Amino acid sequence: MHWSDVVAQRLSERGSKHIVSTGITPSGEFHIGHLREILTGDMISKAARKAGLDAEFVFIVDSADPLRKVYAFLDDSYSKYIGHQLKKIPPPDANGCPDMQRFAMGVSYADHFLEPFKKALEQIDVHPRFIDNFDAYASGQFAETSQIACNNADKIREIIERVSGRELSPDWFPWNPIDSNGSIDGIRVTGWDNPIVSWIDSEGNEGQSDVTKGEGKLPWRIDWPAKWAWIGVTMEPFGKDHGAAGGSYDTGKEIVVLFAQQAPVDLTYEWISLRGQGAMSSSSGNTIGPLEALSLVPPEILRYLVASTKPNKAIEFDTGMGLVNLADEFERTTSRDFSIELEKEGLSRRQLVAIEDAKTALELSLISPREETSSVTFRHLAMLAQTKSKDEDVWKSLGIDGSIPQSMVDRLNRMRTWVHSNHFPEELRIAILEQPSSEAMAQMSEENVRLLPELIKSLRLSNWEAASIQTSISSTAKTLDLSPRHAYRALYLCLMGTERGPRLPPILPELDQETILNLLDACLQIKQES
RNA sequence: GGGCCUGUAGCUCAGUCAGGUAGAGCGUCGGGCUUUUAACCCGAUGGUCGCGGGUUCGAACCCCGUCGGGCCCGCCA
């Protein structure tokens, strides 16, 4: 059974109405790691609906969280905003400086980072109900839970200290008021008289905060279960950081009982890292944003990556050859006929499970029905994108005429972007040698050598366009009673230094005939000398 | 110190919850393909399941130990 169906089954054991929740703090650039959170939630919701449950998918934007520190991409002038809520501070401009102009137009720090992510979600076909946490506080959604938390400060303290094993300071209180400057740092609660919290800030200013009006926020470990309570969350996937023993899920599970609610079904997922570069980290700039990823990879494939990997498995996102293999695997999967495979007799349990999982992973990945014409492998398209500068030549080569499906246009555009990026693997890059490679020459077989002079002759006479070159190559081979295979191998060794290569006939016309012939002559000379 | 995840074919992984003669894809090798030659089709190759014990008629799977990798326990998906 696919992992999403396993979760759906757990949900069905608890009831028929569900709210699957995810949440992210918009403290910096979003990256593909965040996509796992949201895709996991999306897929669980879909599986739940498939199982006949009533499931809603929500995405909480933690815009009430404070700025923790001046991140590497921010100007030092942000230091004055540390401790201020992300919804209440200006967005950074291109230099990382506070952009007061946009801020005046209503764009907050949180909005700045959230907007591109929302666009990525559109592309990847995820449509959650967005909940802005700051607004939720302001509109009183947290009023009841905040009051309960403050009334039960001792119980909550006991839970956190016991479960997480950390000691809370004597003046700890389950409410972070906002001080006279707008910060929730360095402030001390001095009294609680429902619904008013009295406080004194680091500068000695005193004030009062009404917990029912969002004049502050609950600390994270309480904020989370409070959200479960007021939204009615019954399922939430979260990163392994929250899932550790004594982590926020463990404390939340007990705290939520005070709010007369049951903790949601949980699912801990592993992180996504960049291949060879370790974990995704905004501060080191070691990230790939969802939009950047989507400029290279079709959304279906990003979905497939998450759908086909069990949540507890770490994903290494590889923008090079790994991507090619993933994309080609996806392509093969789309062309499988699962109904036939499943009817086959004598399938072992394992085989059956593997087929079902692949089928479900594919269903969860598809955004729109695939058109027949789109079954071109990544490799093949990579080659076409490199050898044909005009789109129409690509369509011609693929045998698509008439109207070109939009999905194909998108794929080709992405491929061109990828080819021109530094992510594109050298292995797939088409490069003609400038000098004969002695290493490759040593690999020339007797047939290859025999063919070479004839090939040169024939190519010199050809019209230097695809069809003519094709004929030259195969007829030369036939004349010598050899398979065209040998002719191609000879050419690949001479021109590219490899035993195999992409289809030559469409590529050669893009190159200068004399240059190619000179190179071949040089190769021939080497073989004749030896 | 406490805890979580992970180690299976050259590579990426499935199989571990419900123990029953090691699986898939990629790669590699061989063949086919008179022309989508990095495509496609057919075939083959390939693993003492990290290591050591235990339970069992039988262990990749359960139990104990051990080694290696990643991570969490202040914030981070």
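Side chains are part of it too, since the values below use all heavy atoms of this structure and drop only hydrogens, waters and symmetry mates. This structure is a prediction, so every number in the text was calculated from the model and none was measured. Chain letters run A, B, ... following the sequence lines, proteins first and then strands; every chain starts at 1.
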**Prompt:** In whole Å, what is the span from the CG atom of A:Asp250 to the C1' atom of B:rG3?
**Reply:** 10 Å

**Request:** Quick one: list whatever passes side-chain hydrogen bond (donor to acceptor under 3.5 Å, both in side chains) with A:Asn176, sequence neighbours left out.
**Result:** none

**Request:** Compute the centroid of each ring, for A:Phe238 and then for A:Tyr249, and state whether the two points are separated by less than 6.0 Å.
**Result:** yes

Pick out the pairs of N or O atoms, protein on one side and nucleotides 72-75 of chain B on the other, that lie under 3.5 Å.
{"unit_1": "B:rC72", "atom_1": "O2'", "unit_2": "A:Asp241", "atom_2": "O", "d": "3.3"}

**Request:** Determine the Euclidean distance between corresponding C1' atoms of B:rC51 and B:rC17; express it in Å to zero decimal places.
**Result:** 24 Å

**Asked** With a 4.0 Å cut-off, would you call A:Glu161 and A:Arg157 a salt bridge?
**Response** yes

**Request:** Check whether the side chains of A:Asp185 and A:Ser183 place a donor and an acceptor atom closer than 3.5 Å, and report yes or no.
**Result:** no

**Request:** Using the C1' atoms only, state how far B:rU45 lies from B:rA39, rounded to an integer number of Å.
**Result:** 23 Å

**Request:** Using the C1' atom on both, measure B:rA22 against B:rG74 and round to a whole Å.
**Result:** 46 Å

**Message:** Quick check: on RNA chain B, is the nucleotide nearest A:Lys310 upstream (toward 5') of the one nearest A:Tyr269, or the reverse? Name the residue that is more 5'.
**Reply:** A:Lys310

**Message:** Testing A:Phe117, A:Phe57, A:Phe59 one by one against A:Phe130 for a ring pair (Phe, Tyr, Trp, His ring centres under 6.0 Å), which residue passes?
**Reply:** A:Phe59

Please tabulate, for side-chain N and O atoms in residues 60-68 of chain A, each donor-acceptor pair with protein atoms closer than 3.5 Å (sequence neighbours left out).
{"unit_1": "A:Asp62", "atom_1": "OD1", "unit_2": "A:Lys227", "atom_2": "NZ", "d": "2.7"}
{"unit_1": "A:Ser63", "atom_1": "OG", "unit_2": "A:Asp132", "atom_2": "OD1", "d": "2.8"}
{"unit_1": "A:Ser63", "atom_1": "OG", "unit_2": "A:Asp132", "atom_2": "OD2", "d": "3.3"}
{"unit_1": "A:Ser63", "atom_1": "OG", "unit_2": "A:Phe134", "atom_2": "N", "d": "3.1"}
{"unit_1": "A:Asp65", "atom_1": "OD2", "unit_2": "A:Thr25", "atom_2": "OG1", "d": "3.0"}

**Message:** Among B:rU37, B:rU6, B:rA77, which nucleotide has an atom closest to any side-chain atom of A:Tyr488?
**Reply:** B:rU37

**Message:** Less than 3.5 Å apart, any donor N or O on the side chain of A:Tyr304 or A:Glu329 sitting next to an acceptor on the other?
**Reply:** yes

**Request:** Using the C1' atoms only, state how far B:rU8 lies from B:rG23, rounded to an integer number of Å.
**Result:** 10 Å

**Prompt:** If the P atom of B:rA59 is compared with that of B:rG50, how far apart are they to the nearest Å?
**Reply:** 15 Å

**Message:** Other residues, nucleotides and ligands only: do more than 12 of their heavy atoms fall within 6.0 Å of CD on A:Glu13?
**Reply:** yes

**Asked** Can you list the steps and then say if A:Arg303 with A:Asp42 is a salt bridge (charged side-chain N to carboxylate O under 4.0 Å, His left out)?
**Response** CA-CA 10 Å; A:Arg303 292 186 65 101; A:Asp42 178 58; 2.7 Å; yes

Filtered N/O pairs between nucleotides 30-33 of chain B and protein, under 3.5 Å:
none

**Request:** Using the P atoms only, state how far B:rC11 lies from B:rG20, rounded to an integer number of Å.
**Result:** 26 Å

**Request:** Run the salt-bridge test on A:Arg162 and A:Glu254 with the 4.0 Å N-O cut-off and return the result as yes or no.
**Result:** yes

**Sequence-distant partners of A:Trp175, side-chain hydrogen bond (donor to acceptor under 3.5 Å, both in side chains), two or more places apart** = A:Ser209

**Atom-to-atom span, CG of A:Leu480 to P of B:rU34 - whole angstrom** = 18 Å

**Complete:** Rounded to whole Å, CH2 of A:Trp3 lies from P of B:rA14 at a distance of 14 Å

**Prompt:** Distance between the P atoms of B:rG68 and B:rU28, in whole angstroms?
**Reply:** 35 Å

**Prompt:** Which residue, A:Leu504 or A:Thr309, contacts RNA chain B at a nucleotide closer to its 5' end, judged by nearest heavy atom?
**Reply:** A:Thr309

**Request:** Would you mind checking if A:Lys46 and A:Asp5 are paired as a salt bridge, meaning a charged N to carboxylate O distance below 4.0 Å?
**Result:** no

**Charged N-O contact under 4.0 Å between A:Glu270 and A:Lys313** = no

**Item:** B:rG58 and B:rG25, which share atom name C1', separated by this distance in whole Å
**Value:** 30 Å

**Asked** B:rU16 phosphate, OP1 or OP2: any side-chain N/O from A:Lys313 under 4.0 angstrom?
**Response** no

**Request:** Could you tell me whether A:Tyr492 contacts a base, only the sugar-phosphate backbone, or nothing, with contacts defined as non-hydrogen atoms closer than 4.0 Å?
**Result:** sugar-phosphate

**Asked** Just how far, in rounded Å, is C1' of B:rC5 from CD1 of A:Ile315?
**Response** 14 Å

**Request:** Return the value, rounded to whole Å, for the distance between atom CG of A:Leu326 and atom P of B:rC11.
**Result:** 19 Å

**Message:** Give the dot-bracket line for RNA chain B from 5' end to 3' end: parentheses for intra-strand Watson-Crick or G-U pairs under 3.5 Å, square brackets for crossings, | for inter-strand pairing, dots for unpaired.
**Reply:** ((((((((.[[[[.)....(..]]]].(((((.......))))).....[[[[[..)....]]]]])))))))....

**Asked** Which whole-number value in Å describes the distance from A:Asp266 CG to B:rA77 P?
**Response** 18 Å

**Complete:** Separation of B:rG25 atom P from A:Tyr304 atom OH, nearest Å, is 12 Å

**Prompt:** Between A:Asn312 and B:rU6, is there a side-chain N or O to OP1/OP2 distance below 4.0 Å?
**Reply:** yes

**Whole-Å distance separating the CZ atom of A:Arg36 from the P atom of B:rC71** = 15 Å

